[in-house]
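Heavy-atom basis, side chains included; hydrogens, waters and symmetry copies ignored. Along the sequence shown, the residues carry numbers beginning at 1. Computed from a prediction, not measured in an experiment: that's the story for all the values here.
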Amino acid sequence: MLLVVTLVAAPLHAQSEDDDGTIHFDPTITDEQFEQFSLIVGQAIYATPVEPARATGLLGFDVGIAATAVEVDSDSEFWQAATDSDVDKYLFVPRLVVSKGLGAATIAGTYARIPDLDLELWGGSLDFPIINGGIVKPTLAVRASYSTLQGIDEYDCKTYGVEAFLSKGFGPVTPYAAVGRMRVDAEGTIPDVRTLSGEFDSNRYTVGVRLSFLLPKFVVEATQAEERSYSAKVSIGW
């Protein structure tokens with residue numbers, strides 16, 4: 001069994017409505033616009049460790065730097081109605097990823113900062129291998145994940161996800177693919193006006209590849225959900 005717990009955190013500061021990078025909802029925002037915004041944020045904070053599902057031994061250890069970029073149209077009506085952050089095509093989520101093997105499990109922690117939205121968040125994921133791969137057979141695993149925003153009064157957003165991963169190593173190269181479902185549980189507050197809330201679902205389709213060399217390891221993956229997103233990680237370990 002592969003256990004991955006992802007922790008993501010970034011400082012969040014109270015800002016006025018004239019400051020950039022703040023979430024504050026326009027009183028005219030519609031339920032559909034709130035859903036669109038929440039699905040984008042949910043995709044950005046989704047707790048992916050940026051790696052194929054696999055089990056690592058007790059001596060397994062990995063430290064890396066990762067980033068996720070989600071396509072965003074900051075001129076769209078739903079984005080303008082939710083935040084004054086002027087994102088240039090992509091919403092970036094850079095993070096530090098550390099993982100440690102625990103025999104049949106691997107635990108990982110991630111620190112992230114999202115300057116475009118000035119957010120604090122954390123999350124985790126849990127991988128359950130169904131078939132452990134070998135020389136011939138691939139690895140099949142189910143990954144459950146969770147993430148949440150913290151420290152902002154106007155907006156609460158949580159994500160839940162379940163995905164099935166299939167991967168197969170060929171020497172230093174391990175391609176993988178995944179299909180799953182993400183749920184975003186969001187609530188937004190417009191002080192003295194109204195509260196927005198809802199649970200929104202989105203399918204996730206991911207393809208990626210992991211390159212393992214003597215010291216550096218590289219992972220790149222692309223995900224199609226509400227929008228297209230790209231993730232990459234470079235790490236060292238064994």
Legend entry - Residues clustering with F170 (ILVMFWY side chains joined when closer than 4.5 Å, directly or via others): none
Legend entry - Gap between atom OG1 of T22 and atom CG of D84 - 0.5 Å precision: 5.0 Å
Inset, instruction - Just jot down the side-chain contact (heavy atoms from CB on, under 4.5 Å) partners of R194, sequence neighbours excluded, or say none. - result: I29, D31, I190, L196
Legend entry - Separation between CD1 of I130 and CG of L140, rounded to the nearest 0.5 Å: 4.5 Å
Inset, instruction - Please go through I236's hydrophobic cluster and name the other residues, only I, L, V, M, F, W, Y counting, with side-chain heavy atoms under 4.5 Å joining them. - result: none
Inset, instruction - Could you tell me whether D156 and K158 have a side-chain N and a carboxylate O separated by less than 4.0 Å? - result: yes
Legend entry - For V179, all residues meeting side-chain contact (heavy atoms from CB on, under 4.5 Å), sequence neighbours excluded: Y205
Inset, instruction - Taking all non-hydrogen atoms of both residues into account, name the closest pair between K217 and G237 and its distance. - result: NZ-O, 2.6 Å
Legend entry - All salt bridge (charged side-chain N to carboxylate O under 4.0 Å, His left out) counterparts of R204, not counting sequence neighbours: E163
Inset, instruction - Identify whether I107 and V97 are in the same connected component of the hydrophobic contact network (ILVMFWY, side-chain heavy atoms under 4.5 Å). - result: no
Legend entry - Residue pairs passing the side-chain hydrogen bond (donor to acceptor under 3.5 Å, both in side chains) test where at least one lies in residues 167-178, sequence neighbours excluded: Y176-E221
Inset, instruction - Give a yes or no on whether I131 and F128 share a hydrophobic cluster (residues Ile, Leu, Val, Met, Phe, Trp, Tyr; joining criterion: side-chain heavy atoms under 4.5 Å apart). - result: no
Legend entry - Evaluation steps, side chain to side chain contact (heavy atoms under 4.5 Å, CB included), between T48 and S145: CA-CA 8 Å; T48 170; S145 60; over 6 Å; no
Anything under 3.5 Å between a donor and an acceptor, one on a side chain of residues 57-68, the other on a protein residue two or more places apart or in another chain? List them.
| residue | atom | partner | partner atom | Å |
| --- | --- | --- | --- | --- |
| D62 | OD1 | S235 | OG | 3.1 |
| D62 | OD2 | S235 | OG | 3.0 |
| T68 | OG1 | R95 | NH2 | 2.9 |
| T68 | OG1 | S231 | OG | 2.8 |

Legend entry - Side chain to side chain, M182 and Y46, heavy atoms closer than 4.5 Å: yes
Legend entry - Same cluster (ILVMFWY, side-chain, under 4.5 Å), I152 and V193: yes
Legend entry - Contacts of type side chain to side chain donor-acceptor pair (under 3.5 Å), residue D26, not counting sequence neighbours: T28
Inset, instruction - Check whether the side chains of E154 and T189 place a donor and an acceptor atom closer than 3.5 Å, and report yes or no. - result: no
Legend entry - salt bridge (charged side-chain N to carboxylate O under 4.0 Å, His left out) involving R181 - partner list, sequence neighbours excluded: D201
Inset, instruction - Decide whether V184 and V93 are clustered together by the hydrophobic rule: side chain heavy atoms of Ile, Leu, Val, Met, Phe, Trp, Tyr closer than 4.5 Å, transitively. - result: yes
Inset, instruction - Please answer whether the main-chain N or O of V72 pairs with a side-chain N or O of K89 as donor and acceptor at a distance below 3.5 Å. - result: no
Show every donor-acceptor pair shorter than 3.5 Å between a side-chain atom in residues 35-42 and any protein atom, with sequence neighbours excluded, or say none if there are none.
| residue | atom | partner | partner atom | Å |
| --- | --- | --- | --- | --- |
| S38 | OG | F34 | O | 2.9 |
| S38 | OG | Y155 | OH | 2.9 |

Inset, instruction - Could you tell me whether a side-chain N or O of W79 sits under 3.5 Å from a main-chain N or O of V87, the two making a donor and an acceptor? - result: no
Inset, instruction - For the residue pair T159 and I45, establish whether any side-chain heavy-atom pair is separated by less than 4.5 Å. - result: yes
Legend entry - Between CH2 on residue W122 and CG on residue L149, distance to nearest 0.5 Å: 11.5 Å
Inset, instruction - Rounded to the nearest 0.5 Å, what's the gap from CD on E71 to CD on E226? Could you check? - result: 12.0 Å
Inset, instruction - Could you pull out the closest heavy-atom pair between K233 and P49, with the gap in Å? - result: NZ-O, 3.2 Å
Inset, instruction - Can you sort out the partners of E187 under salt bridge (charged side-chain N to carboxylate O under 4.0 Å, His left out), two or more places apart, ordered by chain and number? - result: none
Inset, instruction - Kindly work out whether a path of hydrophobic side-chain contacts (I/L/V/M/F/W/Y, heavy atoms less than 4.5 Å apart) joins V50 to V234. - result: no
Legend entry - Minimum-distance pair of heavy atoms, taken over all atoms of F25 and G188: CE1-CA, 3.7 Å
Legend entry - ring-ring contact (aromatic ring centres under 6.0 Å, His included) involving Y160 - partner list, sequence neighbours excluded: Y146
Inset, instruction - Rounded to the nearest 0.5 Å, what's the gap from OG on S76 to CD on Q33? Could you check? - result: 8.5 Å
Legend entry - Atom of T139, atom of A53 and distance for their closest heavy-atom approach: CG2-O, 3.6 Å
Inset, instruction - Would you indicate whether the side-chain heavy atoms of V173 and V209 approach each other to under 4.5 Å? - result: yes
Inset, instruction - Taking all heavy atoms of L91 and all of A44, pick out the closest pair and write down the distance. - result: CD2-CB, 3.7 Å
Legend entry - For R143 against E51, the heavy-atom pair lying closest together: NH2-O, 3.2 Å
Legend entry - OG on S74 to CG on D88, rounded to 0.5 Å: 7.5 Å
